[in-house]
Amino acid sequence: MTKENAENHETNAKPWGVTLLGLILIAGLILMPFVFGKPEDKPLSDNVRFIGHFHPVVLHLPIGIFSLILFQEIIAILGIRKSSRSRVSIFVGAMSSVVAATFGFFLYRTGGYESGELLQDHLWGGIIFACAAVLTWIVRSWPLHPFLSDLAYRLMVFGSVGIMTLASHDGASITHGEDYLVEYAPNPIRELLGYEPRTDDASKPVKSLQEQVVYAEIVQPILNKRCVECHKEGKSKGRLRMDTYELLLKGGKEGNSLVPGDVGKSNIVYRCELPEDDDEHMPPEGKTDITDDELAVIKWWIQSGADPVKKVGDLELPDAIRSAMGKLDLGAAIAKGDTQAASSEEPKSTLPTDALLKSVAELGNMFPGGLTFESQQSSNLTFTGVSLRSQLDDALFAKLSPVISHMVAADLSSTSVTDASVKLLAGAKNLRMVRLSETKISDAALDALSQLKHLESLNLYGTRVTDAGVEKLKNLPSLKRLYLWKTDVSDGMKAKLKEALPSLEIISGI
């Protein structure tokens, strides 16, 4: 068969097989939510849950392929270069979109993402994009008149990419918040898209502590920092949302999250006070734990009636709570001169310098998601090596040396760090929380930790520390929690620690 005959044969062939397969895939995608239902209808096996967690990984393949196809068509329309229209790339793009949509549905069915219009928009946006991608593959396969073929194919490509863009935006909004893409956009763009214009913090009127609304200006910022990431629109773990007062009061599938006037019946307090190694403890492993001061303020607010509009001056304010508030990021109150709320010995947070911002940005590529600022108004840093696990050794951790002094929380659990890395932490004078569970540290590491006068929580679970090492911790005035489960520390030493530090809670697993 000559080359010309082969091309004519390919042109005249009717791709009924491709069409049938494509229509079956489209039907399956559309029927999938109706057949399997919502997360609470039919529990999934662990294998399916495992597959679903790969959705954030595989979704980038069809996005990249269709972005490339769109680029090729644009330069073809401009006459710069002829479109390649590779059947392989279109086939891979279509099939990967089906896989991404299926994995996304599995992730949805694992629970915790089941509520909210935004989530439903993303779910169906992904399914519709996958269907459009398959239709694009079918259209590309059919031999049509050149003009009709170009028109139909380009309409499908541009339509598919448009749907893909909307679905991707919804996905990013679920993960990072609805205003993630426009958070720092100029005000004209924010207003065009229906968002409130940004206000310069320096232009806002400064309030004294007494004038601040307890819920809106003190409690909700704590919840935003520690809880809302997993309890918001589109990602309401346990069907609990904590981004508004009304939804916080409503509770979730675990019952009452907030009972005004009764701390004991408020589930948000109960979950925060569970041991850190308890599966039900909140925030979960990998997230920065709520501090004692933050929890004390929340408990005081609940016990005082959990009113959403009362100000600090409207409630009885014990000295202990005033002191706790002084340790929070209430810059407005301190700027107004209400410095009696803050202990003179407490480290004061300042805005990050340009040099620090640059260092954190550069290290972000080396430690993706591991190094973050405690808040937008703070130069304090939190670090977690959970995603790196055994890959995080002393040599890699040493690369954080330029920013270690700014750390207030460091989670090195289950990594390959040794005493050498802990020695570097001695330079982080404001460290409040350190997790070293299941690492290769020894008593020598506690020489460095004993210098951290603001250390409040220390996890030594599954390490080789002994009595000789932990005895050095007796001089840490702020230490409130110490995890010694599966160590060689004796009961006698634990008693000595309790005698030296009466407010210390020792978790031993028994």
Side-chain angles (χ1 to χ4, degrees), residues 6-34 55 58-105 117-173 181 189 192-194:
E7 290 177 349
N8 291 335
H9 176 76
E10 180 182 350
T11 302
N12 294 326
K14 300 297 189 290
W16 293 112
V18 169
T19 304
L20 179 60
L21 174 60
L23 292 177
I24 291 174
L25 289 173
I26 291 172
L29 288 167
I30 294 174
L31 292 174
M32 188 165 55
F34 299 102
H55 171 66
V58 300
L59 63 85
H60 295 94
L61 181 58
I63 291 176
I65 291 175
F66 268 85
S67 297
L68 176 61
I69 292 173
L70 176 65
F71 176 73
Q72 291 174 334
E73 290 307 308
I74 290 176
I75 62 176
I77 292 173
L78 296 176
I80 300 174
R81 185 177 179 181
K82 184 178 180 182
S83 173
S84 66
R85 300 197 182 175
S86 168
R87 291 190 177 186
V88 174
S89 62
I90 297 168
F91 170 75
V92 174
M95 294 304 103
S96 60
S97 69
V98 172
V99 172
T102 304
F103 283 17
F105 180 73
E117 181 180 350
L118 180 62
L119 187 281
Q120 295 298 319
D121 289 345
H122 178 56
L123 175 68
W124 282 105
I127 290 174
I128 294 172
F129 163 60
C131 292
V134 173
L135 281 175
T136 304
W137 173 49
I138 294 174
V139 168
R140 168 64 184 86
S141 301
W142 274 89
L144 302 173
H145 184 278
F147 173 78
L148 293 177
S149 179
D150 283 348
L151 179 61
Y153 177 73
R154 286 171 177 167
L155 286 175
M156 291 304 306
V157 168
F158 279 85
S160 298
V161 172
I163 298 169
M164 178 187 76
T165 302
L166 293 175
S168 299
H169 172 69
D170 289 339
S173 297
L181 292 179
I189 295 178
L192 180 65
L193 297 175

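Numbering starts at 1 and runs along the sequence shown.
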Looking only at heavy atoms, what is the nearest atom pair of [X] and [Y], with distance?
X	Y	answer
Pro62	Val58	CD-O, 3.2 Å
Gly126	Ala167	N-CB, 3.8 Å
Ser96	Ile65	OG-CD1, 4.3 Å
Pro33	Phe105	CA-CE1, 3.7 Å
Asp170	His122	CB-CB, 3.7 Å
Arg140	Ile90	CG-CD1, 3.5 Å

Option passing side-chain contact (heavy atoms from CB on, under 4.5 Å) with Leu20 (candidates Val18, Ile24, Leu23): Ile24

Once you round to the nearest 0.5 Å, how far does [atom1] of [X] lie from [atom2] of [Y]?
X	Y	atom1	atom2	answer
Phe91	Ser141	CZ	OG	10.0 Å
Leu59	Met164	CG	CE	10.5 Å
Ile69	Arg154	CD1	CZ	13.0 Å

Within the 4.5 Å heavy-atom criterion, are Ile163 and Phe66 side-chain neighbours or not? no

Pairwise side-chain contact, Gln72 with Val157, heavy-atom cut-off 4.5 Å (strictly under): no

With sequence neighbours excluded, residues passing side chain to side chain contact (heavy atoms under 4.5 Å, CB included) with [X]:
X	result
Leu155	Leu151
Ala152	Val139
Leu135	Ile26, Ile138, Met156
Thr102	Leu29, Met32, Val98, Phe106

State whether the number of non-hydrogen atoms from other residues, nucleotides or ligands found under 6.0 Å of Phe71 atom CZ is greater than 12. no

Can you check side chain to side chain contact (heavy atoms under 4.5 Å, CB included) on Leu68 and Ser89, steps first, answer last? CA-CA 9 Å; Leu68 176 61; Ser89 62; over 6 Å; no

Please lay out, stage by stage, how Leu21 and Trp137 fare under the test side chain to side chain contact (heavy atoms under 4.5 Å, CB included). CA-CA 11 Å; Leu21 174 60; Trp137 173 49; 3.9 Å; yes

Does Phe103 have any ring pair (Phe, Tyr, Trp, His ring centres under 6.0 Å) partners at least two apart in sequence or in another chain, and if so, which? none

Under 3.5 Å, is there a donor-acceptor pair between the side chain of His55 and the main chain of Ala101? no

Trp124 and Phe34 aromatic centres sub-6.0 Å: yes

Please list all pairs meeting side-chain hydrogen bond (donor to acceptor under 3.5 Å, both in side chains) that have one or both residues in residues 23-33, counting only residues at least two apart or in different chains. none

Any residue meeting side chain to side chain donor-acceptor pair (under 3.5 Å) with Thr19, in chain and number order, not counting sequence neighbours: Trp142

